[in-house]
Amino acid sequence: MMVPAALLLLGALTAVLAPRLLARADWPDREPVVALWVWQCVVAGVLLCCALSMTLSAAAAWHAVRGQVFAGAPSAVVEAYALGVAVPWAAATALALAGGAVWSAAMLVREVVRARALRHRRRAELLVRAPLLPGEEPADGRLVVLEGERPDAWWLPGAPPRLVVTTAALRRLRGRQLDAVLAHEQGHARARHDWLLHCSAALAGGFPQVPVFAAFRDEMHRLVELAADDVASRRFGRLTTALALVELNEDRGVFGPGPAPHAHVPQRVHRLLTPPARLTAARRMRLTAAGALVPVVPVLVTFVPALRVLG
């Protein structure tokens with residue numbers, strides 16, 4: 001019964017140490033796509049530790065579960081896990097972790113339902129603010145222009161997806177700046193960043209006392225914007241993308257003193273105007289491989305007793 005405890009300890013250490021290491025590193029801003037991958041691997045590793053610990057704890061507490069988990073396994077493998085030893089906290093641990101799993105699923109469902117309701121409400125508002133004229137056929141284009149005094153642009157997923165731009169934004173965006181905004185929003189859509197934001201929001205909302213999930217949510221919001229900025233800047237240039245960001249956000253007070261709802265925008269503009277050197281391909285591959293190892297370690301820990309017996 002040491003394996004479930006070791007898995008919980010490993011998950012706690014990963015949840016504490018990994019965010020601190022990532023916060024001190026300078027490469028996430030240089031390689032936001034790699035940082036997104038590493039963050040997902042860290043959270044997946046923590047969740048996998050909990051899931052495996054829950055399974056083994058349930059196997060130790062209830063003989064029926066043990067028969068299902070170790071169905072077909074040699075008796076020596078079952079004995080290696082010492083699941084027959086009476087452990088008073090096994091059932092409580094399994095039930096607590098199972099409750100956490102159910103709660104996580106419920107939070108994710110709630111987040112997805114809220115996102116869909118918001119999308120449907122925005123599409124209904126779009127039909128009201130930009131109705132089709134009598135005899136007009138729905139256009140196949142993805143660009144929708146709305147009357148508006150504030151410069152704004154956003155991607156509205158669905159069938160078909162739309163890029164909504166206000167007339168104030170069109171007056172401000174010059175040349176290829178509108179194309180850069182379109183490429184930025186398409187970068188979000190192609191990478192399915194909305195699912196990353198939904199999952200991170202569900203975990204942070206469901207477990208507000210767990211710092212790793214709050215850090216995961218905050219970093220997802222920041223890194224997906226950096227990744228989309230890179231998509232736009234590779235096609236239309238960093239200066240064009242930075243100017244488009246300035247034009248869209250200048251009236252929101254984000255470049256002045258004091259806190260602002262979009263305080264990350266100045267950092268994004270500065271990053272575009274003074275781009276840091278990218279990592280070498282070899283280092284990007286090493287970081288990607290290191291991130292992939294994080295969820296592999298709990299699996300190896302789980303199978304250590306069985307591998308010892310079979311070896």
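FYI, side chains are in, hydrogens and waters are out, and symmetry mates aren't considered; it's all heavy atoms of this structure.
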Q: Do R284 and R278 have side chains that approach each other closer than 4.5 Å (heavy atoms only, starting at C-beta)?
A: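 R284 reaches R278 side chain to side chain.
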Q: Who pairs with C49 by side-chain contact (heavy atoms from CB on, under 4.5 Å), at least two apart in sequence or on another chain?
A: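 By the side-chain contact (heavy atoms from CB on, under 4.5 Å) rule, C49 matches L10, P298.
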Q: Give the other cluster members for V113, using side-chain heavy-atom distances under 4.5 Å between Ile, Leu, Val, Met, Phe, Trp and Tyr residues; answer none if it is isolated.
A: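 Answer for V113: V109.
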Q: Please table the atom pairs, donor to acceptor, closer than 3.5 Å between any side-chain atom in residues 200-220 and protein atoms at least two apart or in another chain.
A:
| residue | atom | partner | partner atom | Å |
| --- | --- | --- | --- | --- |
| S200 | OG | L196 | O | 3.0 |
| S200 | OG | L197 | O | 3.0 |
| E219 | OE1 | R222 | NH2 | 2.9 |
| E219 | OE2 | R222 | NE | 3.2 |

Q: Kindly check if the number of other-residue, nucleotide or ligand heavy atoms within 6.0 Å of CZ (R172) is above 12?
A: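 More than 12 within 6.0 Å, yes.
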Q: For side-chain contact (heavy atoms from CB on, under 4.5 Å), just list the numbers for L163 and V165, CA-CA rounded to whole Å, side-chain angles, deciding distance to a tenth of an Å, and then say yes or no.
A: CA-CA 6 Å; L163 174 65; V165 183; 4.0 Å; yes
Q: Are any non-hydrogen side-chain atoms of L97 and L8 less than 4.5 angstrom apart?
A: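 Side chain of L97 against side chain of L8, heavy atoms only: contact under 4.5 Å found.
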Q: Can you name the ring pair (Phe, Tyr, Trp, His ring centres under 6.0 Å) partners of F303, sequence neighbours left out?
A: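 Not a single residue meets the ring pair (Phe, Tyr, Trp, His ring centres under 6.0 Å) criterion with F303.
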Q: Side chains of D229 and L245: closer than 4.5 Å at any heavy-atom pair?
A: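 D229 reaches L245 side chain to side chain.
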Q: Kindly indicate, with the supporting measurements, whether the criterion salt bridge (Lys or Arg N to Asp or Glu O under 4.0 Å) is fulfilled by D230 and R271.
A: CA-CA 10 Å; D230 288 346; R271 175 178 177 271; 2.8 Å; yes
Q: Go through it in stages, so that I can follow the logic: the residues are H270 and L273, the test is side-chain contact (heavy atoms from CB on, under 4.5 Å), and I'd like the CA-CA distance, side-chain angles, deciding distance and then a yes or no.
A: CA-CA 5 Å; H270 177 75; L273 296 178; 5.9 Å; no
Q: Mind running side-chain contact (heavy atoms from CB on, under 4.5 Å) on L226 and R268 for me, showing each step along the way?
A: CA-CA 7 Å; L226 298 186; R268 290 168 57 193; 3.7 Å; yes
Q: Please go through W195's hydrophobic cluster and name the other residues, only I, L, V, M, F, W, Y counting, with side-chain heavy atoms under 4.5 Å joining them.
A: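 Other cluster members: L108, V112.
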Q: Okay, side chain of Q177, backbone of R174: is any donor-acceptor separation there less than 3.5 Å?
A: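 The answer is yes, because a donor-acceptor pair under 3.5 Å joins these two groups.
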Q: Measure from the side-chain N and O atoms of S53 to the backbone N and O of P4, and report whether any donor-acceptor pair falls under 3.5 Å.
A: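 Side chain of S53 to backbone of P4: a pair is present.
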Q: How long is the straight-line distance from CZ of R283 back to CZ of R30, given to the nearest 0.5 Å?
A: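 Atom-to-atom, R30:CZ and R283:CZ are 6.0 Å apart.
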Q: If Ile, Leu, Val, Met, Phe, Trp and Tyr residues are connected whenever their side-chain heavy atoms lie under 4.5 Å apart, and connections chain through other members, are L7 and V77 in the same group?
A: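 Same cluster.
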Q: My understanding is that a hydrophobic cluster links ILVMFWY residues whose side chain heavy atoms are under 4.5 Å apart, including indirect links. Using that, what else belongs to the cluster containing L293?
A: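 Besides L293, the cluster holds no residue at all.
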Q: Please find the pair of heavy atoms, one from A80 and one from V309, that lie closest to each other, and give the distance.
A: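 Minimum heavy-atom separation between A80 and V309: CB-CG2, 3.4 Å.
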Q: If you round to the nearest 0.5 Å, how far is CG of L56 from CE of M54?
A: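 Atom-to-atom, M54:CE and L56:CG are 10.0 Å apart.
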Q: List the residues meeting side-chain contact (heavy atoms from CB on, under 4.5 Å) with R114, not counting sequence neighbours, and say none if there are none.
A: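 For R114 the side-chain contact (heavy atoms from CB on, under 4.5 Å) partners, ignoring immediate neighbours, are R110.
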Q: Restricting to side-chain contact (heavy atoms from CB on, under 4.5 Å), what partner residues turn up for V296, sequence neighbours left out?
A: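 Applying side-chain contact (heavy atoms from CB on, under 4.5 Å) to V296 gives L300.
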Q: If a pair satisfies side chain to side chain donor-acceptor pair (under 3.5 Å) and one of its residues is in residues 13-25, list it, with sequence neighbours excluded.
A: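 Of all non-adjacent pairs touching residues 13-25, none passes side chain to side chain donor-acceptor pair (under 3.5 Å).
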Q: Any heavy-atom pair between the side chains of V3 and V304 that's under 4.5 Å?
A: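 They are not in contact (no side-chain heavy atoms under 4.5 Å apart), so the answer is no.
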Q: Excluding sequence neighbours, so at least two apart, what forms side chain to side chain donor-acceptor pair (under 3.5 Å) with S75?
A: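 Per chain and number, S75 pairs via side chain to side chain donor-acceptor pair (under 3.5 Å) with no residue.
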Q: What are the two closest non-hydrogen atoms of P295 and V299, and how far apart are they?
A: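 Closest approach of P295 to V299: O-CG2, 3.7 Å.
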Q: Is E149 reaching over with its side chain to a backbone N or O of A168, donor-acceptor style, under 3.5 angstrom?
A: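 Flag not set: sc E149 to bb A168 has no pair under 3.5 Å.
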Q: Is it true that atom CH2 of W62 has more than 12 heavy atoms of other residues, nucleotides or ligands lying nearer than 6.0 Å?
A: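 Correct, the count exceeds 12.
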Q: I need the minimum non-hydrogen distance between L223 and P28, along with the two atoms involved.
A: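 Looking at all heavy atoms of both residues, the shortest contact is CD2-O, 4.0 Å.
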Q: Tell me if a side-chain donor or acceptor on T166 pairs with a main-chain N or O of D152 at a distance below 3.5 Å.
A: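 Present.
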Q: I'd like to know whether H63 forms a side-chain contact (heavy atoms from CB on, under 4.5 Å) with R66, so could you lay out the CA-CA distance, the side-chain angles of the two residues, the decisive distance to 0.1 Å, and finally the verdict.
A: CA-CA 5 Å; H63 189 272; R66 188 186 317 165; 3.9 Å; yes
Q: Please find the pair of heavy atoms, one from A180 and one from T241, that lie closest to each other, and give the distance.
A: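 What the structure gives for the nearest pair is CB-OG1, 4.0 Å.
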Q: Does H188 have any ring pair (Phe, Tyr, Trp, His ring centres under 6.0 Å) partners at least two apart in sequence or in another chain, and if so, which?
A: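 Partners of H188 under the ring pair (Phe, Tyr, Trp, His ring centres under 6.0 Å) test: H184, H193.
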Q: Decide whether V145 and L178 are clustered together by the hydrophobic rule: side chain heavy atoms of Ile, Leu, Val, Met, Phe, Trp, Tyr closer than 4.5 Å, transitively.
A: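 Looking at the clustering, L178 is in the same group as V145.
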Q: List the atom pairs, with distances to 0.1 Å, where a side-chain N or O of residues 35-47 and a protein N or O form a donor-acceptor pair under 3.5 Å, not counting sequence neighbours.
A:
| residue | atom | partner | partner atom | Å |
| --- | --- | --- | --- | --- |
| W37 | NE1 | T288 | O | 3.0 |
| Q40 | NE2 | L36 | O | 3.1 |

Q: Does L279 share a hydrophobic cluster with V33, counting links as ILVMFWY side-chain heavy atoms below 4.5 Å and allowing steps through other members?
A: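 No; V33 is not reachable from L279 via cluster members.
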Q: Just so I know, are the side chains of T167 and L146 near enough to count as touching, which here means a heavy-atom distance under 4.5 Å?
A: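 Answer no - side chains too far apart.
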